[in-house]
Each structure stands twice: as structure tokens, then as C-alpha cells.
Amino acid sequence: MKKTKTGIRICAYIAAVLLVLTAVFFAACGKEETPQPRPPAQGEDGLVSFEVYMPPSKTDYYVGESFDPSGMVLKAGYDDGTVTNVLYSDCTFSTDPLGIGDAYVEIEYNGLSVRIDVTVTEAPDITDDPGTPVLQRIALESGPDKTSYVRGEVFNPTGMVIKAIYDNGFEMTVPVSETEYPKDPLTENDSSVTIRYGEFETTVDIQVSRYIIDIPDGESKAYRGEAETTDLTTMEITASWAEGRSLTESNANASGGIMVANISAAQGYLEYYINSAGEYAATLIGYYLWGNTDTVELDKAFTVKWNNENYNTRASVVGSDGGMGWNDVQRVNMGTVALKEGENVLRFDRGSGSCPNFDCFELYVNDPAGITDTDYDIDVSGGAGRWTIEAEECAVAGTPANGEGKKFTESSSDGSRTWLSNLGTAGNTITIKIKSDETKDVDMIASTAFGHVNHDSLEFDEAFSATLDGEPLTLTGTILKTAWTTFAEMKAVTLPLKEGVNTIVLTVKSVLVPNIDYFAFETSAAAIDPEDYDIDVSGDAGSWKIEAEDCDVAGTPANSADSFFGEGGGKFISCFGTVGNTITVKMLSDTEKTVNVLMATGYGKGEILAVDDAFAVTLNGAPVSCKGNEIESSGWTTFKETLICEVTLDVGVNTLVFKAAGLKVPNIDYIVFTAVSG
């Protein structure tokens, strides 16, 4: 005979009454019992808690149906502080048909249990007899969450609730997975989406805009167009390496988590419509991801058009040889565009070269107002950074040296590189116009090749005189001897730039002049905004310390905590044991240097923990080895300095990221960087 839950409750009630009577009996006999604390329930393997994190999708049942755990999320907590998800397939629960009076289903896991409340009703009597409830219509009861779209997006039913309504008044929620709805990219002509269930249908009203960006006025601000709102019907995948993949892929570092990837078709384009209330100047910024060891030039990857006219981006994406990889988003200033009143169109046609992945683009309206891309050669706006321009893109004037018919440009035998040469006639000039959105100091660097047999080096001010906006400028750097086609970077001077366009002119003083491949402009370390970094490790040698709570910590705290920080002799990072959590430290260095990275760790598991089991470490996006280093057990609030890894810093701001690689992670009080001698 089946034991009902009502029967169980009666037995439990009788047992409780007997316990009370027993207690009264002992009290009457004068026996004194010292109350003992009741220990917490504990399951197997250190399990101390078992709870429902998210209820199942279905809690309403008809008589005779069995419990469906779909959508249920369960969590288990252990005595070592860890919290993990539990698969309902690892749990025990009844699959017997439910009946009237069943109010819950009990879920058991390793000795602990929880209850899921359910509602059980009589099912409508479905027969061929007259009067049988018949489905008459379906209706949209609520949702969906998203009803406003941009052309090219796909309808998202999340949050939508559809009701099936019968002729006897009975109503039932229809699972979204059992409905049909269009999955094609939306167009601006779509004003509703039709939802079908069997032979019945209902509609969801939506709004689809043609414009990914709408600029109502000329206020100085940034507008963004995301990859996930791109109309992808205009682009195909053709390369064999991309077979079976999508044109959109997830990337945790991309804005919105989505990028356009696998752009491999011989033809195709990405197109974006922008609506503007007036005529404004705007800086166009692109965000790209590129992980090959070479450099991809945007003007070869794409033919960029603005309002149907070809647009020279004057920009390239730095390859992974600069410390960047396929997961690192690179910000590229593509120049200035002129917004006209009404509709503007930005279009990327497939070019002849390889294509980077594409995250998003931004339009900085009136930044600064009135400057167009024809007014400058290179834009160094946007805080700290490094910007490069090919020497042959600068204005060169005068007479080439070394004989009749010579030109100011020469190329390598394979045509892969072009440089300025034959500059050695006194009075020749090189002019570079530099745009900046603020007053800042930048180091001007030239990639030079110098092979004169009678000289081991050459001072920049021996080769050139210089002016900045018409005012004399003293060049301070040294050009080292290499060879006439072997290039090396040499710093020429630090430029004090003003907001707007700055003009530097280099004038040849004598025949001793190097060949020049490109010019680079790099934010001077002294000029970097303190908000751009967490700790300054400049100097030849020393030790630099940062409190853990001053770093950027991201992710989900473990152990049901709502914060990463604990108290105990000062703040420290705790509850970090969720895989994927990150600690980010930005370090400013005035020189390239190697430093040891140490943490003050508190670890109480009574075992030795390998660092690479606790953390995956990257510096400027590149993996850092922690192999061989270990974290000793000292106690959760007793901290001991532990060597984590050794890293080599670049000049400028370096980004060091510690990502939780497992559930076993120590508490962290502070981080120390010590210079490695030699």
C-alpha cells in the first residue's frame, strides 16, 4: 500500500506529542537534563547544506503526471567552504505519478534533502464526447523582455508567456520551446512577430529601427554600434577553416560578449546606418581582435566607405607580436568622418587581405569639433597608448639625394616594406600633423636604419633641426649604427602636445641622415594619468606593494557570500573560489624590467597547493608560467608571502590578471612586486 504524505505528517505529529509527554514525565520525576545544542544536519563527504537555487520550470501538474526536474538548479555546500552546483541526475526523487493531495516532491542528495512545492489538479477530460474541452486560441499573457530591435537582429522570446485557452475556460501555459516563431534577421519593415502553437497563432508587437545609432544633437559624446546588432545576411563564410562556424562568436572581452568572426568570404560587406539631427564632425573608432604574429592592415582587410565614398583609415591592427592575441580587443583610431543631416552609412566591404574579428565601432561626435581627417596625419587621442604612422604617409619636400632619378621612397626586394630614403640634401623637410584630444606629453620614436661606414652613431640633432607649431624644438635622441636596410626604434624627443592639431617639421641639416621606416608616438610615462594604473613600479630596483582590495576583482563570490572582502586584521580578498573569477592589477613602469610577483596568502586546507592549480595568470594578454611555485597551508587568516610568478614588464601600463583556475584558492592580503637584479 502506498504511503501518503498526509499519513507521514500524522505519524510525525503523534511522535511529537509523545516527545512532549516524555519531557513532562521526566520533569514530574524531578530529573534535570542539561539542554544540548543540536548539531547541524550533515550529509556524506562533508556536505553541510543542500538547497534549491532555481526552481524547476514546471511546478503545475495534472493527476497522473510525474515530476519533471527540467530547469531546476541545486547547490551543495561543504564544510571546507566550497559551494558547487548539483546535477539533478545525481539526486534521488520519486517519479511515481502525482495525485490530488501531493503538495511537494522531496529531492535527496548524499543524506540531505529539500522539497519542491507542486500543485496537482485534475486534467481536463479529453474525449470525443460532446462537451470535451477544445483549444480555442492562444494569447500573449506577458513579455517578451525585448521588443525594440535594430535591423539585422533576431527575435528573442526570453520572458514571453503564452497561454492556451480552452472553450470551458481552462488555461494552460505553453512552453516557449513548443512554439514556432521566425528566426531570420529582422528588417525595418517588421512591426510584429507571429507566434504559432499547432494551428493557432498570436502576435508580439515589436519596433525595428534602420539605424544602429541615432544622434539627436551635436553634444560631445560617444555612440556605439555593436557586432551583435549587425545584419549578417550580407556576409558569408567560405574558408575551410571556418566550416561549421558562425559569423558571430562569444568573447568575454568583447563589448556585449559577442564579436563578428570568421569573416572569410571572397565578397560580402558589413553595413551600418546612422541617423544624425545635423552636420557634425566625429572621430571613428574601431575595436578589433587579431592574434596572428603578423600585422593586418585595415585598408587591405576591408574597403571602408563612408556615405558611399572610399575612406582611408590610416590605421592598422597590432598583431600578437605586440602581446595581443585573439581574445584581446584592440582599439584603433580610424580618423574623422563628417556626419551629414539625416542618414549616414558606414560600410566595410571585404578586401584582399586577412580580416580581424570585429567587436564594435564608436563615433565620438565633435571630438574636438571642426577637425576633419584631412587636417592631420595621425590621431593620438584617447588617453595613454602608442600610435604609429608610416614615414611615406608624411609630407616630404625638397630634392632627393644620391643622384639623378632618385626618389624619397625605397622598397625591400619583396615589396613588403617601404621607407623614406635619399633625404640627405640640406633643407629637405618631413612634416607630420598630429591630432590630440587633450594636452599630453608623447615620446616621438623613429624606426631608423643607419649604415655609414665612418660613423658608429648619429645624434638626431646632427641630422635634423626641428620645430613644433613653428617654435624651435631640440632633438635629444641618438641614432645607432645598424645597416641601411636594418631598422631599429630610436627615441628622438618628447613632444608637449596641445589639444587639437600639432605640426612637427624635421629639416635636414647635412648629408648624414638615416633611412626612416615609420614614426611612433607613445605616451610618456610621466604623463600617464594615475587613474590608468593601480601601482607605479618605476625605478631601477626595489619592492612595490599593493593591497589586494585596491585591485579590480570580478566574478561571483563563493560560499554564498555577497562580497569578496573579509575582515580580520585588515581587509583581504576572500570567497574567491569560483572558477573564472579575476583579479586585475595595472602596473606602470618607466623601463622594461623583470619582477617577481608575490602574494600574501592565507590558505587553511592543510595541504600544499600548486599555484597553477589555483590561478591562470596573464600579462598584457599573454600566458605567464607559474609552474613549480606552491602555496603552503598557513591558516585562512594567517598570511605568508608566496612567490607566484616572474614577469617582464613593458614601458608604460602593464595589465596582470589572475584568474581562478579551480575551487581551491587562498585568501589574499596584498601583492608585492620585487625587481629581479641583472
Side-chain angles (χ1 to χ4, degrees), residues 54-73 97-98 100 105 116-212 214 226-234 246-248 250 256-258 273 275:
M54 187 177 297
S57 303
K58 180 180 174 74
T59 56
D60 293 335
Y61 293 89
Y62 294 130
V63 171
E65 288 187 292
S66 296
F67 175 68
D68 181 359
S70 299
M72 180 172 64
V73 179
L98 296 167
I100 296 295
V105 173
I116 303 295
D117 292 334
V118 297
T119 301
V120 183
T121 58
E122 294 286 354
D125 186 17
I126 302 177
T127 69
D128 293 331
D129 297 333
T132 297
V134 176
L135 179 62
Q136 283 194 322
R137 63 187 177 92
I138 62 171
L140 176 69
E141 182 173 83
S142 61
D145 297 339
K146 180 178 174 69
T147 57
S148 295
Y149 294 88
V150 173
R151 184 187 74 127
E153 288 187 285
V154 175
F155 175 70
N156 184 349
T158 301
M160 180 175 69
V161 177
I162 300 292
K163 285 285 188 181
I165 302 170
Y166 293 81
D167 61 352
N168 66 348
F170 179 77
E171 295 184 1
M172 178 179 70
T173 299
V174 178
V176 173
S177 60
E178 296 181 11
T179 64
E180 297 179 0
Y181 51 85
K183 297 177 176 62
D184 296 328
L186 298 167
T187 72
E188 56 265 36
N189 296 323
D190 293 319
S191 59
S192 63
V193 171
T194 300
I195 312 298
R196 291 183 174 83
Y197 178 64
E199 60 182 287
F200 299 93
E201 62 183 43
T202 187
T203 59
V204 175
D205 291 334
I206 60 171
Q207 301 83 41
V208 183
S209 174
R210 178 180 177 85
Y211 302 110
I212 194 170
D214 199 331
E226 293 285 2
E228 48 265 41
T229 54
T230 300
D231 183 357
L232 296 176
T233 61
T234 60
S246 170
L247 271 168
T248 57
S250 299
I258 300 294
Y273 291 86
N275 185 43

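Under the 4.5 Å side-chain criterion, counting only non-hydrogen atoms from C-beta, Thr158 is not in contact with Pro144. Put simply, the side chain of Leu140 reaches to within 4.5 Å of the side chain of Ile162, judged on heavy atoms. For the pair Thr173 and Lys163, the minimum side-chain heavy-atom distance is below 4.5 Å. Side-chain contact between Gln136 and Ile165 is absent, with no heavy atoms from C-beta onward closer than 4.5 Å.
The minimum heavy-atom distance between Pro157 and Tyr181, with the atom names listed, is CG-OH, 3.3 Å. In terms of heavy atoms, Leu186 sits closest to Val154 at CD1-C, 4.4 Å. Nearest heavy-atom pair across Pro97 and Gly64 is CB-O, 3.6 Å. Leu98 approaches Ser66 most closely through the heavy-atom pair CD1-C, 4.4 Å. Smallest separation of non-hydrogen atoms from Ser148 and Glu153: O-OE1, 4.4 Å. Looking at every heavy atom in both residues, Ile100 comes nearest to Glu122 through CG1-OE2, 3.7 Å.
Taking the six-membered ring where the residue is Trp, Tyr149 and Phe155 present tilted rings, their angle falling between 30° and 60°. Using the six-membered ring where Trp is involved, Phe67 and Tyr61 have ring planes that are tilted, between 30° and 60° apart.
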Donor-acceptor pairs are to be reported for all side-chain atoms of residues 189-202 against protein atoms at under 3.5 Å, with residues two or more places apart or in another chain.
| unit_1 | atom_1 | unit_2 | atom_2 | d |
| --- | --- | --- | --- | --- |
| Asp190 | OD2 | Thr187 | N | 2.9 |
| Arg196 | NE | Glu201 | OE1 | 3.3 |

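Using a 4.0 Å cut-off between charged side-chain N and carboxylate O, Asp68 and Lys58 make no salt bridge.
Of the possible polar contacts, none joining the Glu178 side chain to the Pro175 backbone as a donor-acceptor pair under 3.5 Å is found. The backbone N or O of Thr248 lies less than 3.5 Å from a partner atom in the side chain of Ser246, making a donor-acceptor pair. Judged by distance alone, the side chain of Asn275 and the main-chain N or O of Asp214 form no donor-acceptor pair under 3.5 Å.
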Test side-chain contact (heavy atoms from CB on, under 4.5 Å) applied to Thr121 and Tyr62, step by step: CA-CA 5 Å; Thr121 58; Tyr62 294 130; 3.7 Å; yes
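How far OG1 of Thr230 is from CD1 of Ile212: 5.5 Å, rounded to the nearest 0.5 Å.
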